[in-house]
Amino acid sequence: METRHVGTNGSRPTITHLPLRHAVLEEVRRRIMSGQWKPGERIYEDQIANELEVSRNPVREALQALAVEGFVELEPRRGARVAVVSESRADELFEVREALEGLVARLAATRRTPAQLAELQDLVAQGLVAAASHQHDRLPGLNTRFHQTLSEASGNTLLAESIERLGHIIEWVYSRSVAGRSAQSWTEHERIVDAIASGDAQLAQDCAAAHIAAARVAYLSAANQPA
């Protein structure tokens, strides 16, 4: 199997070191998550293949995988476009997150290791600093790392895998409202970690559920703002 990875070579992407389909997938996902490609924008297989110097087959496979993740919509005879996350779809995502993240925090309060707690506290410290200094470009990645570490601290592999599958789409949704909610979001993260550190499972669950509920309100408010 060909193994290459998308990187940069001057102004032109290059591919080395990863399975080709995954490398193309990561590059297309990066462009969507960074806002380089907007919701509803057409995606052209030929253009991507030319830019990345690959055939159309791995591009097509990457787009199919991204459609499963929720980043791309495939339309018969019309090709692909960047997905538009509808209000109902966002509601579904936040409903699932509230249930999963509440359970994660509850379990983490009694199962986390000292190393996992230290990592959570460090991520919160980084997030608070980044939010206070308006480094909004750092926050989606830090947010993803925080929730991944939290899910690992739950000690439940199936639960962690479920959250990991949602990780990228959650980060994309999070980035829509990050500027207006960054400081409050990381203060909420701090409360979750303090509850976990104290071993209070019910408080940790309540703080995590409240955090997701607040994130939902912020996202829908941002989504309903005039363009």
Side-chain angles (χ1 to χ4, degrees), residues 1-75 78-86 89-90 92-93 96-97 100-101 119 123 126-127 130 135-152 157-179 215 219:
M1 179 181 293
E2 190 168 8
T3 56
R4 299 190 285 173
H5 173 67
V6 174
T8 57
N9 180 11
S11 60
R12 186 180 186 85
T14 58
I15 300 199
T16 55
H17 308 315
L18 277 182
L20 188 51
R21 177 178 67 86
H22 296 296
V24 175
L25 182 151
E26 286 189 356
E27 174 62 11
V28 173
R29 188 200 288 130
R30 182 195 67 77
R31 295 183 185 189
I32 295 172
M33 292 179 67
S34 69
Q36 182 177 341
W37 291 348
K38 306 298 183 184
E41 184 173 340
R42 287 286 169 193
I43 301 174
Y44 299 98
E45 291 183 10
D46 288 343
Q47 178 183 341
I48 299 171
N50 180 60
E51 290 178 358
L52 302 183
E53 299 181 338
V54 299
S55 68
R56 290 182 60 180
N57 191 54
V59 175
R60 187 175 298 112
E61 291 176 350
L63 293 177
Q64 290 170 345
L66 287 168
V68 174
E69 289 187 10
F71 285 96
V72 169
E73 294 175 359
L74 301 177
E75 300 175 317
R78 299 190 64 186
R81 66 172 181 163
V82 179
V84 176
V85 180
S86 67
R89 178 68 169 173
E92 291 175 355
L93 177 61
V96 171
R97 280 197 68 196
L100 292 181
E101 298 283 0
E119 186 173 358
L123 287 168
Q126 290 185 57
Q135 300 176 53
H136 296 145
D137 59 321
R138 293 187 60 208
L139 292 175
L142 284 172
N143 184 71
T144 296
R145 287 173 56 196
F146 174 83
H147 286 284
Q148 286 175 340
T149 303
L150 190 60
S151 66
E152 291 166 3
T157 302
L158 182 59
L159 188 56
E161 289 174 349
S162 297
I163 290 178
E164 183 179 1
R165 283 194 293 272
L166 293 171
H168 291 296
I169 196 73
I170 287 171
E171 183 176 337
W172 188 34
V173 168
Y174 174 82
S175 68
R176 291 282 301 274
S177 57
V178 64
Y219 173 81

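- When the side chain to side chain contact (heavy atoms under 4.5 Å, CB included) test is applied to Arg42, the partners found at least two apart in sequence or on another chain are Tyr44, Glu75, Arg78, Arg81.
- Nearest heavy-atom pair, Val24 versus Ala62, reported as atom, atom and distance to 0.1 Å: CG1-CB, 3.8 Å.
- Here the CD-CD distance, from Glu164 to Glu161, works out to 7.5 Å after rounding to the nearest 0.5 Å.
- With a 4.5 Å cut-off on side-chain heavy atoms, Phe146 and Ser151 do not count as touching.
- More than 12 heavy atoms of other residues, nucleotides or ligands sit less than 6.0 Å from atom CD of Glu92.
- Between Glu27 and Arg30 there is a salt bridge, since at least one side-chain N of the basic residue sits less than 4.0 Å from a carboxylate O of the acidic one.
- Counting only heavy atoms from C-beta outward, the side chains of Val82 and Val72 never approach each other to under 4.5 Å.
- Arg138 approaches Ala130 most closely through the heavy-atom pair NH1-CB, 3.9 Å.
- Distance check: Arg97 CZ to Ser162 OG gives 14.0 Å after rounding to the nearest 0.5 Å.
- Across all non-hydrogen atoms, the minimal contact from Leu139 to Gly127 is CD2-O, 3.8 Å.
- Of the N and O atoms on the side chains of Gln148 and Glu152, not one donor lies less than 3.5 Å from an acceptor on the other residue.
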Using the side-chain contact (heavy atoms from CB on, under 4.5 Å) rule, take Gln135 and Asp137 through it: C-alpha gap first, then chi angles, then the decisive distance, then the call. CA-CA 6 Å; Gln135 300 176 53; Asp137 59 321; 4.1 Å; yes
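- Contact between Ala83 and Gly70 at its shortest, heavy atoms only, is CB-O, 3.3 Å.
- Considering only heavy atoms from C-beta on, Thr149 stays 4.5 Å or farther from His147 through its side chain.
- Closest non-hydrogen pair, Met33 versus Phe71, comes out as CG-CE2, 3.6 Å.
- One distance of note links CD of Glu41 with CD1 of Ile32; it measures 9.0 Å at 0.5 Å rounding.
- Remark: Arg56 CZ is packed, more than 12 non-hydrogen atoms of other residues, nucleotides or ligands lying under 6.0 Å away.
- Nearest heavy-atom pair, Gly40 versus Val84, reported as atom, atom and distance to 0.1 Å: N-CG2, 3.6 Å.
- Considering only residues two or more places apart in sequence or on other chains, Glu69 meets the salt bridge (charged side-chain N to carboxylate O under 4.0 Å, His left out) condition with Arg29.
- Taking the side chain as every heavy atom from C-beta outward, Val28 and Trp37 approach each other to under 4.5 Å.
- Salt bridge annotation for Glu51-Arg31: present, with a cationic side-chain nitrogen under 4.0 angstrom from a carboxylate oxygen.
- When side chains are defined from C-beta on, Leu150 does not count as touching Ile163, because their heavy atoms never get closer than 4.5 Å.
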Passes side-chain contact (heavy atoms from CB on, under 4.5 Å), Leu63 versus Leu25? Steps please. CA-CA 7 Å; Leu63 293 177; Leu25 182 151; over 6 Å; no
